[in-house]
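Just below is one structure, and these are the notes that go with it.
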Amino acid sequence: MPGIIEDYAEIREEVAKLCAGFPGEYWQKLEHDNSYPAEFVTALTEAGYLAALIPEEYGGSGLPLSAAAAILEEIQRAGCNGGACHAQMYIMGAILRHGNDAQKQKYLPEIAAGRLRLQAFGVTEPTSGTDTTSIKTFATRDGDEYVINGQKIWTSRAEYSDLMLLLARTTPKDGVAKKTDGLSVFIVDMREASKAGMTIRPIRTMMNHSTTEVFFDNVRIPAENLIGEEGKGFRYILSGMNAERILIAAECVGDAKWFIQKSSAYAKEREVFGRPIGQNQGVQFPIARAYAQMKAAELMVRDACRRYEDGENCGEEANISKMLAADASWAAAEACVQTHGGFAFAEEYDVERKFRETRLYQVAPISTNLILSYIAEHVLGMPRSY
């Protein structure tokens with residue numbers, strides 16, 4: 001029988017209480033200083049939320065993906081930003097599903113306790129973009145070690161992570177039968193790598209997202225840090241990518257709820273020409289439409305979570321939920337800006353910050369166009385477009 005997705009009302013309530021301690025002023029100061037929300041991440045860690053998916057035997061909560069989705073949704077709904085730490089949840093799947101016992105024993109208890117952070121996901125490269133099979137970062141086996149050379153870009157949180165999950169080629173693309181072969185996944189201890197040829201360079205962006213580019217110059221890592229089998233890494237990260245898209249979709253639903261609450265409340269209290277602006281259909285309709293879009297996306301996220309937890313192929317649902325939720329959050333953001341008018345651009349209202357943050361999800365972690373291509377080919381059976 002298919003699983004039933006819980007609402008996790010108690011978890012949501014507790015997350016909301018935690019987030020109340022980090023109001024808009026906290027995030028505004030971070031923006032000014034271009035700094036990482038260390039206190040917020042520490043609070044989430046100490047409350048056990050970042051260890052939600054880690055099994056109890058390793059010190060975690062052993063909760064399913066839908067619980068992680070609820071946590072991240074509530075973070076965004078409260079006006080906070082889970083982008084500082086959400087990767088720890090969706091990266092976790094590679095170790096949980098494909099890591100060996102020694103790797104799990106070594107890393108999971110430390111991550112659950114907050115003594116190690118697994119926040120960096122090294123996949124994208126400047127020349128390959130979303131064409132993951134064309135990455136050039138290469139890991140060469142040398143005895144009991146692998147030697148890594150290459151470059152990653154848009155590797156968020158690299159400066160604030162102890163560990164990185166790295167995708168690299170171990171066989172050249174022209175030397176494999178299928179272009180998805182010859183890719184391998186590694187755990188990189190960034191504390192050691194930073195002393196042995198790894199360089200991190202921050203990239204300033206339109207939102208405070210702590211993103212970087214990372215360079216590997218003959219960086220040596222133990223061969224025991226290989227996850228699963230050499231050359232099978234692409235398959236390992238696919239399930240992680242589905243989890244990533246589902247969790248990002250949950251965040252977008254949370255963003256949409258924040259924008260909708262913010263704009264509808266303002267529309268009821270703001271008076272122009274002697275009446276609340278919310279009485280005007282031109283103000284009402286965009287907010288109402290965004291609400292309808294959010295509710296549809298919310299249902300899609302729940303369906304994707306159910307299928308993921310039941311072990312079904314959820315590629316279609318994960319991609320569609322991410323697209324619909326990103327569209328819903330962007331529609332809600334647009335409506336919120338229009339409703340607030342000039343005040344939307346004032347930092348103190350937090351609208352402009354959240355507006356910039358939610359715009360990211362039209363592009364990342366996968367662009368809307370790639371999702372549409374996936375649906376066209378894998379769901380509707382049309383010819384491959386790329």
Side-chain angles (χ1 to χ4, degrees), residues 53-55 58 60 64-65 68 86-108 111 116 118-125 128 130-141 146 148 150 152 154-156 161 163-173 175-190 214 216 221-248 304 307-319 322 364-366 370 374 378:
L53 299 179
I54 297 177
Y58 298 111
L65 188 73
H86 58 197
Q88 188 149 301
M89 291 184 173
Y90 58 73
I91 291 175
M92 195 62 59
I95 299 178
L96 291 175
R97 293 187 174 198
H98 308 291
N100 57 42
D101 289 340
Q103 290 168 340
K104 292 176 183 179
Q105 291 287 352
K106 180 178 181 179
Y107 296 113
L108 294 183
I111 295 169
L116 285 180
L118 174 60
Q119 290 289 350
F121 194 23
V123 176
T124 308
E125 297 184 5
S128 62
T130 50
D131 183 7
T132 303
T133 61
S134 294
I135 63 171
K136 296 178 180 177
T137 297
F138 207 90
T140 305
R141 182 69 182 256
Y146 279 92
I148 302 171
K152 297 295 179 179
W154 311 124
T155 306
S156 298
S161 184
L163 305 174
M164 172 191 284
L165 196 71
L166 176 73
L167 184 70
R169 275 217 164 268
T170 42
T171 304
K173 189 176 180 180
V176 293
K178 293 172 57 180
K179 63 181 182 179
T180 54
D181 292 339
L183 293 160
S184 301
V185 177
F186 301 90
I187 299 171
V188 177
D189 187 325
M190 301 179 73
V214 183
F216 297 91
I221 65 170
E224 64 188 29
N225 285 23
L226 171 71
I227 292 180
E229 294 182 55
E230 182 180 296
K232 304 294 184 184
F234 187 78
R235 177 168 59 86
Y236 301 159
I237 67 166
L238 280 183
S239 61
M241 286 181 172
N242 283 334
E244 176 186 44
R245 287 161 199 179
I246 293 168
L247 293 178
I248 293 295
R307 291 176 184 274
Y308 184 94
E309 291 171 9
D310 288 347
E312 299 179 22
N313 181 356
C314 63
E316 175 184 344
E317 291 75 19
N319 278 284
K322 191 271 176 180
I366 183 173
L370 263 292
Y374 176 92
H378 296 283

Which donor-acceptor pairs under 3.5 Å do the side chains of residues 176-187 make with protein atoms, sequence neighbours left out?
residue: Ser184; atom: OG; partner: Thr170; partner atom: OG1; Å: 2.7
residue: Ser184; atom: OG; partner: Gly231; partner atom: N; Å: 2.7

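For the pair Lys136 and Ser128, the minimum side-chain heavy-atom distance is 4.5 Å or more. With contacts defined as side-chain heavy-atom distances shorter than 4.5 Å, the pair Pro365/Lys322 qualifies.
Here the CG atom belonging to Asn242 is positioned 7.0 Å from the CG atom belonging to Asn313, to the nearest 0.5 angstrom. For the atom pair CG of Leu116 and CD1 of Ile111, the computed distance is 6.0 Å after rounding to the nearest 0.5 Å. Of the inter-residue distances, the one linking Leu166 atom CG with Ile221 atom CD1 reads 7.0 Å to the nearest 0.5 angstrom. Atoms CD1 and CE, on Ile248 and Met241 in that order, are 12.5 Å from each other to the nearest 0.5 Å.
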Kindly determine whether Ile91 and Gln119 satisfy side chain to side chain contact (heavy atoms under 4.5 Å, CB included), including the steps that lead there. CA-CA 8 Å; Ile91 291 175; Gln119 290 289 350; 6.0 Å; no
Hey, mind stepping through Val214 and Met164 against side chain to side chain contact (heavy atoms under 4.5 Å, CB included) and telling me if it holds? CA-CA 11 Å; Val214 183; Met164 172 191 284; 4.2 Å; yes
What do the steps show when you test Thr124 against Ile135 for side chain to side chain contact (heavy atoms under 4.5 Å, CB included), and what is the final call? CA-CA 8 Å; Thr124 308; Ile135 63 171; over 6 Å; no
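Qualifying side-chain hydrogen bond (donor to acceptor under 3.5 Å, both in side chains) partners for Arg97, counting only residues two or more places apart in sequence or in other chains: Tyr308. The ring pair (Phe, Tyr, Trp, His ring centres under 6.0 Å) search around Tyr90 returns His86, not counting sequence neighbours. Listed by chain and number, the residues in a side chain to side chain contact (heavy atoms under 4.5 Å, CB included) with Asp189 are Leu163, Arg191, Glu192 (sequence neighbours excluded). Qualifying side chain to side chain contact (heavy atoms under 4.5 Å, CB included) partners for Arg235, counting only residues two or more places apart in sequence or in other chains: Lys232. Scanning for ring pair (Phe, Tyr, Trp, His ring centres under 6.0 Å) contacts around Phe234 gives an empty result, with sequence neighbours left out. Ala364 is linked by a side chain to side chain contact (heavy atoms under 4.5 Å, CB included) to Leu360, counting only residues two or more places apart in sequence or in another chain. Taking Glu125 as the reference, Lys152 meet the salt bridge (Lys or Arg N to Asp or Glu O under 4.0 Å) condition, with sequence neighbours excluded. Every residue was checked against the salt bridge (Lys or Arg N to Asp or Glu O under 4.0 Å) condition with Asp131, not counting sequence neighbours, and none meets it. Among residues two or more places apart in sequence or in another chain, the side chain to side chain contact (heavy atoms under 4.5 Å, CB included) test is passed with Tyr58 by Ile54, Pro55, Lys104, Gln105, Leu108, Pro109. With sequence neighbours excluded, no residue satisfies ring pair (Phe, Tyr, Trp, His ring centres under 6.0 Å) with Tyr107. Applying the salt bridge (Lys or Arg N to Asp or Glu O under 4.0 Å) criterion to Glu317, with sequence neighbours excluded, gives Arg307.
Listed here is the closest heavy atom pair of Ile246 and Cys314: CD1-SG, 4.3 Å. Here the closest non-hydrogen pair linking Ser161 and Met190 is O-SD, 3.8 Å. Among all heavy-atom pairs drawn from Ala243 and Leu65, the shortest one is CB-CD1, 4.1 Å. Between Lys173 and Thr133 the shortest heavy-atom distance is CD-O, 3.6 Å. Nearest heavy-atom pair across Ala139 and Ile148 is CB-CG1, 4.1 Å. Smallest separation of non-hydrogen atoms from Gln88 and Leu118: OE1-N, 3.0 Å.
Looking only at distances, no side-chain donor or acceptor of Asp310 sits under 3.5 Å from a matching main-chain atom of Glu312. Between the Glu309 side chain and the Ala304 main chain, no donor and acceptor come within less than 3.5 Å of each other. A donor-acceptor pair is defined here as one N or O able to donate and one able to accept, closer than 3.5 Å; no such pair exists between the side chain of Arg245 and the backbone of Gly315.
Side chains of Glu230 and Tyr146: a donor-acceptor N/O pair is present below 3.5 angstrom, by distance only.
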